[in-house]
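Shown next, in structure tokens, is the structure this report addresses.
Order of appearance sets the numbers: ligands from 1, and atoms from 1 within every ligand. Quick caveat: nothing in here was measured; it's all calculated off a predicted structure. When a residue number appears, it is its place in the shown sequence, counting from 1.
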Amino acid sequence: MSDELLRQHRDAIDALDVEILRLINQRAEHARHIGEIKGGGLVYRPEREAQVLSRIKGLNQGPLPDESIAKLFREIMSACLSIERPLTIAFLGPDGTFSQSAAIKHFGHAAVTLACASIDEAFRVVEARSADYVVAPVENSTEGAVGRTLDLMLATPLSVCGEVVLRIHHHLLRREPSQTGIRRVYSHAQSLAQCHEWLNKNLPADVERVSVSSNAEAARLASLDSDCAAIAGDAAAERFGLIKLADNIEDEPNNTTRFLVLGYHKTTPSGRDKTSIVMSAQNKPGAVHTLLSPLAENGVSMTKFESRPSRTGLWEYVFFVDVEGHADEAGVMRTLDQLRDKAAFVKVLGAYPVAVI
Ligand SMILES: O=C(O)C(=O)C[C@]1(C(=O)O)C=C[C@@H](O)C=C1
């Protein structure tokens, strides 16, 4: 390419950047006015954000892929929201965990993330109104349900107002640029399990596998000792300045974790929603069938069914069910009314937009 052609394209980009800058600030002005109308209360509107992102993806004609465009608009909305009022999002810390990556994926980089020592503490700070929302892992495609989050959802006054689906990539990380001489590998127990086959094939059998409270903690420990390595993600590698010796070492190629967003907030329908419910059956034959029959009768599709010991009686269970549709829509509303008649206990955990990015 000639210098002249290069210069022409760069001039065109400079001119477009001026226009983009003007338009983004014009958009932010509207958000500021919307913030004034809302009066500083509930500024975050998940249903509106889902609609904005879906619409933009639908309008996109490339060459940038829909995912890249959605990420850019995610950040624009995040910045616009922060001039209405910056949000604080609690997550299972320390900095660099997948929970923090999920919080940033959902709320963008303008949100303030607050690292908590446990999932319990992350719920507690939001319940005490010291943070606006909590982002908590609820299920992993390889390892199944995150029991602690399910247990906390049973009792919390918070409602689910969003979901985040995060592709989980694990890497072997170390201070030194080589795999030789590793004595110990740190990671969260779930991540060690998700990389079990890779570890068997690629590291000597006498390398000790040590489970710690989070992947970011594993990366921190590996950053202190050159004989040790960690299994963790990109954010932790960056946070603790570690070298990636092997990337994407998870055994399951589609390893994905689903997170829920909870706050003192009920959302209105976005047009493409889910409702999460927890219920318990009366302890008699056919009880689960009785619980599920209202779904079939009303043509409501179930996207998840998870049972968990109720902790109140031996061999009694609660059932976590996700259905398509919003709790304020007729079909789901009728289903919930029928369930309230049939189940020993029903709690609507929240209705929220299906993840868009
Ligand atoms: O529409 C609103 O209620 C806004 O505050 C604007 C906006 C946006 O930037 O589009 C920002 C934050 C909300 O969560 C949703 C949308």
Atoms in ligand 1 flagged as close to [X], the criterion being non-hydrogen separation under 4.0 Å:
X   : value
C80 : 9 (O)
L81 : 12 (C)
R48 : 1 (O), 15 (C), 16 (C)
K38 : 2 (C), 3 (O), 4 (C), 5 (O)
Y44 : 14 (O)
M77 : 8 (C), 9 (O), 10 (O)
V43 : 13 (C), 14 (O)

Going by the angle between their ring planes, with limits at 30° and 60°, are H171 and H169 parallel, tilted or perpendicular?
->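 It falls in the parallel class, under 30°.
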Test the R129-Y264 pair against the cation-pi criterion, namely NZ or CZ under 6.0 angstrom from the six-membered ring centroid and within 45° of the ring axis.
->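 Yes, R129 sits over the ring of Y264.
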Pair [X] + [Y], salt bridge at N-O below 4.0 Å:
X    : Y    : result
E121 : R124 : no
R32  : E29  : yes
R334 : D337 : no
R74  : E49  : yes

I76 contact mode with ligand 1 (heavy-atom cut-off under 4.0 Å) =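 No part of I76 is near ligand 1 at this cut-off.
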With respect to atom 6 (C) of ligand 1, which of R45, R32, E84 exhibits the smallest heavy-atom separation?
->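 The option holding the nearest heavy atom is E84.
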Nearest-neighbour protein heavy atom for atom 15 (C) of ligand 1, which is reported as residue plus atom name and distance =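 That would be E49 CG, 3.6 Å.
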Check: residues 341-349 side-chain donor-acceptor pairs under 3.5 Å, at least two apart:
from : atom 1 : to   : atom 2 : distance (Å)
K347 : NZ     : M153 : O      : 2.8
K347 : NZ     : L154 : O      : 3.1
K347 : NZ     : T156 : O      : 2.8

Using distance alone, determine whether R27 and ligand 1 share an N or O pair under 3.5 Å.
->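 Between R27 and ligand 1, an N or O pair is found under 3.5 Å apart.
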Is it true that the side chains of E252 and T142 contain a donor and an acceptor less than 3.5 Å apart?
->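 Looking only at side-chain atoms, T142 and E252 do not form any donor-acceptor pair under 3.5 Å.
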